[in-house]
Amino acid sequence: MPKHIYLFFGPPGSGKGTQSDRIGKDFKLPVISTGELLRHEETIKSALGKRVAKLIDQGKLVSDATIHELIKQRLSLKDTAKGFILDGYPRDAEQLKDLMSMLKKTDKIIAVEIKIPDKEVINRLSGRRVCDCGATYHIVYNPPKVAGRCDVCGKKLYIRHDDKPEIIKKRLVDYKLASGPLLKYAHQAHNLISIDGTASVEHIYEDLLKRLENQE
Ligand code: AP5
């Protein structure tokens, strides 16, 4: 059985994290989000975390070399043996080249692109609330049971520093600039699954699950 590697592409707020978490549970595969890995480093105040905090808050991309170290270390863990899901990585042509150098020819790559219009990106991210445990909510589309508190661990929810309108716009511009070659590659080399991200979380999930199962 080849190792299955799922790549989730999409602009900020398109629902990559929301959908990849659900698919990860179904397929019993770890979800590796470079954004989450970096925020974890910030939370534990590691040297790397301190170095990247300002960049993330300003919506700037972290260097490819730093991301390489982070991903290499994460992919060396045993739980990736049967495959894994990548959310938010690779982010540019250099990271794509880097990822390919870490994979085997026998690995099966399945790429997913979630599309949403720019206006929806702002709506989604300005209403997003997150918890340190990794859970994500939306004040309108996916509210927690108790306002401001995480359903999973009860901790206080907060707004990500990079979810301010002016920073969201910058992240969106950067995504558009860098994603062209990645999507072209995914379309040409693999069967790129394109998803309309404006539907409900449930609808997208069911559609995605069906289409991923057809890839088996
Ligand atoms: P990262 O954390 O990867 O941010 P992102 O790619 O901008 O994506 P988001 O996490 O904002 O959105 P998402 O698509 O996961 O949406 P979500 O499911 O949360 O990166 C953050 C930063 O880290 C970067 O800016 C950069 O600085 C750095 N970084 C990370 N990776 C890097 C890399 N590889 N190289 C260099 N730097 C890197 O959903 C959003 C909201 O919408 C939620 O509130 C959710 O509840 C809601 N929602 C989801 N789906 C729906 C739906 N269908 N209908 C209604 N609401 C929905």
Side-chain angles (χ1 to χ4, degrees), residues 7-24 31-42 48-49 51-72 74 85-99 112-131 134-144 150-151 157-165 167-179 182 195-208:
L7 310 181
F8 275 69
F9 298 110
S14 54
K16 302 180 296 295
T18 303
Q19 297 297 335
S20 58
D21 280 350
R22 296 188 72 162
I23 297 295
V31 178
I32 302 171
S33 151
T34 38
E36 285 294 325
L37 292 177
L38 291 165
R39 283 187 289 279
H40 173 71
E41 295 295 324
E42 264 193 85
L48 190 153
R51 218 169 59 227
V52 299
K54 208 167 163 196
L55 288 173
I56 297 177
D57 289 357
Q58 294 173 342
K60 293 182 182 161
L61 289 178
V62 170
S63 75
D64 291 334
T66 301
I67 296 292
H68 170 75
E69 281 314 310
L70 209 58
I71 279 286
K72 198 171 108 190
R74 182 61 187 88
I85 299 178
L86 291 171
D87 162 13
Y89 174 87
R91 205 93 158 194
D92 57 28
E94 190 57 37
Q95 291 181 14
L96 173 67
K97 211 168 95 192
D98 205 30
L99 172 67
V112 175
E113 179 193 15
I114 307 182
K115 292 181 175 177
I116 61 167
D118 295 359
K119 206 174 81 190
E120 188 59 14
V121 170
I122 309 279
N123 275 344
R124 296 264 183 97
L125 296 186
S126 36
R128 174 161 65 181
R129 299 293 180 271
V130 296
C131 178
T136 297
Y137 304 87
H138 190 281
I139 50 172
V140 178
Y141 307 130
N142 177 27
C150 179
D151 292 351
L157 301 178
Y158 60 92
I159 301 173
R160 267 171 50 176
H161 291 298
D162 58 346
D163 279 350
K164 297 186 186 94
I167 308 285
I168 298 170
K169 284 181 195 148
K170 177 177 177 4
R171 288 161 59 200
L172 190 51
V173 169
D174 285 351
Y175 173 77
K176 286 182 184 170
L177 284 175
S179 63
L182 300 182
I195 294 281
D196 171 10
T198 60
S200 71
V201 170
E202 206 54 41
H203 182 95
I204 296 171
Y205 165 69
E206 279 163 21
D207 180 29
L208 183 56

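Positions are given from 1 along the sequence. As the structure lists them, so they are numbered: ligands from 1, and atoms in each ligand from 1.
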Applying side chain to side chain donor-acceptor pair (under 3.5 Å), name anything that partners S63, two or more places apart in sequence or on another chain.
-> T66

Hey, does the side chain of Y137 reach the backbone of D151 with a donor-acceptor pair shorter than 3.5 angstrom?
-> yes

Looking only at heavy atoms, which two atoms of L182 and P90 are closest? And how far apart?
-> CD1-O, 3.3 Å

Under 4.0 Å from ligand 1 - residues by heavy atom, chain and number = P11, P12, G13, S14, G15, K16, G17, T18, T34, G35, L38, R39, I56, K60, L61, V62, I67, G88, Y89, R91, Q95, R124, L125, R128, T136, Y137, H138, Y141, N142, R160, D162, R171, G197, A199, S200, V201, I204

Taking all heavy atoms of V62 and all of L55, pick out the closest pair and write down the distance.
-> CA-CD1, 4.2 Å

Using side chain to side chain donor-acceptor pair (under 3.5 Å) as the criterion, list what pairs up with E41, not counting sequence neighbours.
-> S46

Who passes ring pair (Phe, Tyr, Trp, His ring centres under 6.0 Å) against Y158, sequence neighbours left out?
-> none

